[in-house]
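All remarks here apply to the structure that follows.
A quick note: this is a predicted structure, and the numbers were derived from the prediction, not measured.
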Amino acid sequence: MESPAAISALSALAHPGRLGVFRLLVRAGPDGMAAGEIARATGSLANTLSANLNILAAAGLVSARRDGRSIIYAAGYDRMRDLLAFLMEDCCGGKPEICAPLAAVASRPCAAEGASC
C-alpha cells in the first residue's frame with residue numbers, strides 16, 4: 001500500500017460514525033449487512049449513514065452489492081489487511097516483542113461466526 005491510499009483509509013476511519021460502521025461490518029463477516037440493519041444497529045439517520053458508507057467505499061474499506069431491493073455492505077478485508085500491514089511494515093526496530101501483542105490479537109479466532117479476519 002502506498003501512503004496516499006493509507007491516508008485515504010485512515011481519514012475515512014477518523015470519524016466515530018464511520019469507524020463504528022466499519023467495525024460493525026468487520027464483525028458481520030463477509031456476508032455483510034443490509035443498509036437498514038446497519039442503520040438500526042448504529043442508530044444512524046439514512047442520509048448520514050449513506051454519506052459515511054460512500055466515504056468508506058471510496059477508501060476501499062467497504063463494498064456494496066444489490067440483493068433484491070436491499071443494498072448489502074461488507075467490510076473490505078483486503079484493504080483492511082493492506083492498511084494494517086502498511087502500519088506494521090517497519091515496526092519494532094529489531095525488537096519483535098514490541099509488536100508481539102498485535103500478532104497475538106491477529107491470530108485469535110474471530111468472535112463472529114464466519115468472519116474473515
Side-chain angles (χ1 to χ4, degrees):
M1 175 176 276
E2 299 294 322
S3 288
I7 291 166
S8 173
L10 290 169
S11 176
L13 294 171
H15 178 276
R18 290 191 297 269
L19 181 60
V21 167
F22 181 71
R23 293 189 71 199
L24 176 67
L25 290 173
V26 167
R27 286 189 304 271
D31 292 338
M33 295 177 74
E37 287 180 76
I38 298 168
R40 282 187 292 283
T42 61
S44 297
L45 298 174
N47 60 342
T48 302
L49 178 61
S50 179
N52 285 336
L53 287 166
N54 284 332
I55 291 167
L56 290 167
L61 292 167
V62 301
S63 61
R65 70 180 187 282
R66 183 166 288 283
D67 184 12
R69 293 181 53 191
S70 297
I71 305 281
I72 308 296
Y73 290 90
Y77 293 104
D78 289 340
R79 180 64 120 196
M80 179 182 74
R81 282 189 291 268
D82 290 347
L83 178 60
L84 293 171
F86 175 82
L87 293 171
M88 300 287 301
E89 198 169 89
D90 299 319
C91 181
C92 306
K95 298 179 180 154
E97 67 276 6
I98 294 171
C99 295
L102 297 173
V105 168
S107 65
R108 285 192 315 216
C110 294
E113 186 176 314
S116 174
C117 296

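- Sorted by first and then second residue, the salt bridge (Lys or Arg N to Asp or Glu O under 4.0 Å) pairs involving residues 63-74 (not counting sequence neighbours) form an empty list.
- Partners of Ala58 under the side chain to side chain contact (heavy atoms under 4.5 Å, CB included) rule, at least two apart in sequence or in another chain, do not exist in this structure.
- Not counting sequence neighbours, the partners of Asp78 by the side-chain hydrogen bond (donor to acceptor under 3.5 Å, both in side chains) test are Arg81.
- Cluster membership check: Ile38 shares its hydrophobic cluster with Met80, using side-chain heavy-atom separations under 4.5 Å among Ile, Leu, Val, Met, Phe, Trp and Tyr.
- By the criterion of side-chain heavy atoms lying less than 4.5 angstrom apart, applied directly or through intervening Ile, Leu, Val, Met, Phe, Trp or Tyr residues, Tyr77 is grouped together with Leu61 in one hydrophobic cluster.
- Smallest separation of non-hydrogen atoms from Ile71 and Ala64: CG2-CB, 3.9 Å.
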Would you give me the side-chain donor-acceptor pairs under 3.5 Å for residues 8-23, sequence neighbours excluded?
from	atom 1	to	atom 2	distance (Å)
His15	ND1	Gly17	N	3.0
His15	ND1	Arg18	N	3.3
Arg18	NE	Ala12	O	2.7

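- Nearest heavy-atom pair across Arg79 and Ala5 is NH1-CB, 4.0 Å.
- Scored by the side chain to side chain contact (heavy atoms under 4.5 Å, CB included) test, Ala57 finds Val62 as partners (sequence neighbours excluded).
- With sequence neighbours excluded, no residue satisfies side-chain hydrogen bond (donor to acceptor under 3.5 Å, both in side chains) with Ser63.
- A search for side-chain hydrogen bond (donor to acceptor under 3.5 Å, both in side chains) contacts involving Ser50 returns nothing, not counting sequence neighbours.
- Follow the hydrophobic side-chain contacts under 4.5 Å out from Leu83 and you reach Leu56 in the same cluster.
- Applying the side-chain hydrogen bond (donor to acceptor under 3.5 Å, both in side chains) rule to pairs touching residues 28-40 yields nothing, sequence neighbours excluded.
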